[in-house]
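One structure below.
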Protein chains: 2
Amino acid sequence: MKKLTLKSVAEELGVSTATISNAFNKPNQLSKAKRLEILERCEELGYTGPNKAARSLRRGKTGIVGLVLANSISYTVNDAVASTFISGVSQCLEANGQQLLLVSGAGDDLNNVNDFVDGYLCYGSPTNPNLIDALSKTTKPVITVDFNIDDYPSVNIDNIEACYQLVKQTIRPDDVVAVIGLRLIETQLTCRIYDVPMIDPVTSISRRRLLGYEKAFSECGVDFNYGQLWSIPENIESFAVRAAKEVLSNQPRPTIVYCMSDLIAVYFIREAIEIGLSVPDDIRVVGFDGTNEGQRFHPNLTTVVQNSDSKGERAAIMLLKQSKESQLLPFALHFGDSCPTNG
Amino acid sequence: MKKLTLKSVAEELGVSTATISNAFNKPNQLSKAKRLEILERCEELGYTGPNKAARSLRRGKTGIVGLVLANSISYTVNDAVASTFISGVSQCLEANGQQLLLVSGAGDDLNNVNDFVDGYLCYGSPTNPNLIDALSKTTKPVITVDFNIDDYPSVNIDNIEACYQLVKQTIRPDDVVAVIGLRLIETQLTCRIYDVPMIDPVTSISRRRLLGYEKAFSECGVDFNYGQLWSIPENIESFAVRAAKEVLSNQPRPTIVYCMSDLIAVYFIREAIEIGLSVPDDIRVVGFDGTNEGQRFHPNLTTVVQNSDSKGERAAIMLLKQSKESQLLPFALHFGDSCPTNG
DNA sequence: ATGAAAGCGCTAACAC
DNA sequence: GTGTTAGCGCTTTCAT
């Protein structure tokens, strides 16, 4: 069987390549009858239409969107919040006939993908800073989410305000506080943060959350210093459990713990129960994200519900519409059994 | 700034296009000195190397692998088991410099992706049967996972045997049994299955699991008919909760429930506890998959642990190595608190 | 070791 | 309405 190309098919049917191309791409450039006949004969031959790779070379559009993640793909797809974001993105892309290429945030550059994508969505600051550089240099459109690069349009929630409100509505004057953050510093360690310089707030969503907590602590007259602040490098069991154990064994033991993800909160509660504490009676625990698991969990988490899928959808729409205006999305506080309001 | 192409750069440097190409692709086709000089000048100009899309047109390889999912992307990335599979795939692909393109199992065809990928990984039978057709017709290599298409190499676990063993080690002679399956029939409904024809075992992993349960029920002399069999269309809360409620309100109430996913089991237990039952004292619950959440959950699930990430890794390796031999991967039974062994 | 030229498969501009 | 042709950016013979 000979290779099926526009050219070979055109020869076979005795018409020019342009006519075949038009039959597939520009219906009103030729008579309906001829068009239908061509399409039918093509189907007989097994020709499913012009080669998309070649078309993209000519047109300069591939129909593929690159989604640059903060971390490796393998880590990211197992994170409930990120998955929900991807879900929103893909919903929009599927509806618009665009394809989704996942790009690791741990890669060195965009060389292997840049020529295949029409634009980028970036979900969180890539761990490899080279990528930020590559993104700020590319000629393709870029939308950032949960962080910013240069003047690219972005999608965010007001993390500072969310955390501020969360503390305001849960803290009590005599509380001993602990905070478990996520990627507050660039390290692969679970550790307490004393006077280490943290990632800047523009890049780091966690840093912004911390600013919100701190503002409320200070307004409420609650002691908080960086000996009460832990950071874990990734949102996974091993790090979360380790941090939980450290926090729980600290003296005086905290009476309320603010976790920068629901997953951290879930593991924290598990560890607290393990050593015989009652949540929320002995220790109150607050999450962040509003994941399904946090709601399935017992006790159900007090948390900030952010709609990660609509974040994804918005970002994708912005990219497809070439919108230049950044968006600030709403959030909602949810008060579950892990920490009642102070109201 | 003029456009940077192999040609424009070659002119700029006063050498031929082939030389530039060789400098990037075939180091030993030219002197080290010249090569280094060219690379340096290219970097100065901001030329990062030959356009990958054009290269792929010429070479016929893109470095992109298509991962065809059973369902929509948005559904799949939120499924813990599927995410773990994707994780394994991406780990292998990242290590080999390949890119990952996610393809919805609900799409009509592969036309928009086929020319951009070097081959396909298929995780579960696509809901749109057109895709199975498209896959069996493509000239690109295909590896299937958890199901089979024609003679393409595949990766599976022995679902029949796993379920057979699971029942054998948990069932008691006087048990009243219920089974909650996943996609046993093609419908969007949660329902009991009486005499509806189910999807065939070659395509359906759930059907094979059912065969394993049934074999053990029958060997153990436990009654089981399709009035005790429910099916839900997707592995999500709404369907799982509905099925759980139906099962729990059935008379006589089951004493043991086999769920075809850990997620179903988790929701089932939640519902059981909700109506005042004790797990495992009043009702025993068995899952399938061995997800992290199932182990975080209280009570910890009895389940079949399948290593979804190594499944993904194996499948990806097979595709990259062009291996033609199908693989059967091991599984392990885990006995948690949701259902003790009968031994 | 380097350069010239063909062509991967297609689309857009223009000619008829 | 249909055909001819240039060229998207590259790699690969084949000469030199």
Side-chain angles (χ1 to χ4, degrees), chain A residues 2-39 41-42 45-64 111-118 139-140, chain B residues 2-39 41-42 45-64 111-118 139-140:
Chain A
K2 89 181 284 189
K3 204 193 291 186
L4 290 170
T5 69
L6 199 51
K7 199 171 163 192
S8 73
V9 168
E11 273 169 21
E12 182 75 27
L13 304 203
V15 294
S16 80
T17 58
T19 303
I20 307 279
S21 174
N22 285 333
F24 280 96
N25 300 315
K26 310 207 172 151
N28 39 11
Q29 293 288 302
L30 70 175
S31 69
K32 192 160 231 159
K34 186 150 199 161
R35 176 162 170 270
L36 289 175
E37 195 206 317
I38 288 176
L39 292 182
R41 299 242 20 223
C42 284
L45 292 172
Y47 181 70
T48 54
N51 181 299
K52 298 295 187 299
R55 158 189 292 183
S56 79
L57 184 60
R58 182 61 229 238
R59 287 199 179 156
K61 288 277 174 207
T62 59
I64 301 176
N111 286 347
N112 290 318
V113 302
N114 196 52
D115 299 319
F116 289 114
V117 304
D118 294 337
T139 58
K140 317 242 170 172
Chain B
K2 87 182 285 189
K3 204 194 291 186
L4 290 170
T5 69
L6 199 51
K7 198 172 163 192
S8 73
V9 167
E11 273 169 20
E12 182 75 26
L13 304 203
V15 294
S16 78
T17 59
T19 304
I20 308 277
S21 174
N22 285 333
F24 280 97
N25 299 315
K26 311 208 172 152
N28 39 12
Q29 294 287 302
L30 70 176
S31 70
K32 192 158 230 159
K34 186 151 201 160
R35 175 162 171 270
L36 289 175
E37 195 207 318
I38 287 176
L39 292 182
R41 300 245 15 226
C42 282
L45 292 173
Y47 181 71
T48 55
N51 181 299
K52 298 296 187 299
R55 158 187 293 182
S56 78
L57 184 60
R58 182 62 228 242
R59 286 196 178 158
K61 289 276 174 207
T62 58
I64 300 177
N111 287 347
N112 289 319
V113 303
N114 197 51
D115 298 320
F116 289 114
V117 304
D118 294 337
T139 57
K140 317 243 170 170

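Every chain is numbered from 1, with letters handed out A, B, ... down the list of sequences. Atoms considered below: every heavy atom in the structure, side chains included; atoms not considered: hydrogens, waters and symmetry mates.
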Please tabulate, for the side chains in residues 26-37 of chain A, all donor-acceptor contacts under 3.5 angstrom to protein atoms that are two or more places apart in sequence or on a different chain.
from	atom 1	to	atom 2	distance (Å)
Ser31(A)	OG	Lys34(A)	N	3.2
Arg35(A)	NE	Ala23(A)	O	3.0

**Complete:** Sequence neighbours excluded, the answer for side-chain hydrogen bond (donor to acceptor under 3.5 Å, both in side chains) partners of Ser56(B) is none

**Request:** Taking side-chain hydrogen bond (donor to acceptor under 3.5 Å, both in side chains) as the test, write out the residues that go with Thr17(A), two or more places apart.
**Result:** none

**Item:** Heavy-atom pair of closest approach, residues Ile64(A) and Phe116(A)
**Value:** CB-O, 3.3 Å

**Prompt:** If you look at every heavy atom in Pro50(B) and Phe24(B), which pair is closest and at what distance?
**Reply:** CD-CG, 3.7 Å

**Request:** Applying side-chain contact (heavy atoms from CB on, under 4.5 Å), name anything that partners Val9(A), two or more places apart in sequence or on another chain.
**Result:** Leu4(A), Leu13(A), Ile20(A), Cys42(A), Leu45(A), Tyr47(A)

**Request:** Classify every nucleotide of nucleotides 11-16 of chain C by which part a protein heavy atom approaches to under 4.0 Å, writing B for the base, S for the sugar-phosphate alone and - for neither, in 5'-to-3' order.
**Result:** BB----

**Prompt:** Going 5' to 3' on DNA chain D, which nucleotide is the first and which the last to come under 4.0 Å of a heavy atom in chain B?
**Reply:** dG9(D) to dT12(D)

**Request:** Under the side-chain hydrogen bond (donor to acceptor under 3.5 Å, both in side chains) rule, collect the residues that match up with Asp118(A), sequence neighbours excluded.
**Result:** Thr62(A)

**Message:** Mind checking if Phe24(A) touches a base, just sugar-phosphate, or nothing, with heavy atoms under 4.0 Å?
**Reply:** nothing

**Prompt:** Sequence neighbours excluded, which residues qualify as side-chain contact (heavy atoms from CB on, under 4.5 Å) partners of Ala18(B)?
**Reply:** Ser16(B)

**Message:** Under 4.0 Å, heavy atoms only, any strand: does Lys52(B) hit a base, just the sugar-phosphate, or nothing?
**Reply:** nothing

**Message:** According to side-chain hydrogen bond (donor to acceptor under 3.5 Å, both in side chains), who are the partners of Asn25(A), at least two apart in sequence or on a separate chain?
**Reply:** Ser21(A), Arg55(A)

**Complete:** Per-helix bend value, the helix from dA1(C)-dT16(D) to dC16(C)-dG1(D), C1' rotation axes over five pairs per end, 10° rounding, shows 40°

**Asked** Below 4.5 Å, heavy atoms only, C-beta onward: do Lys52(A) and Asn114(B) meet side chain to side chain?
**Response** no

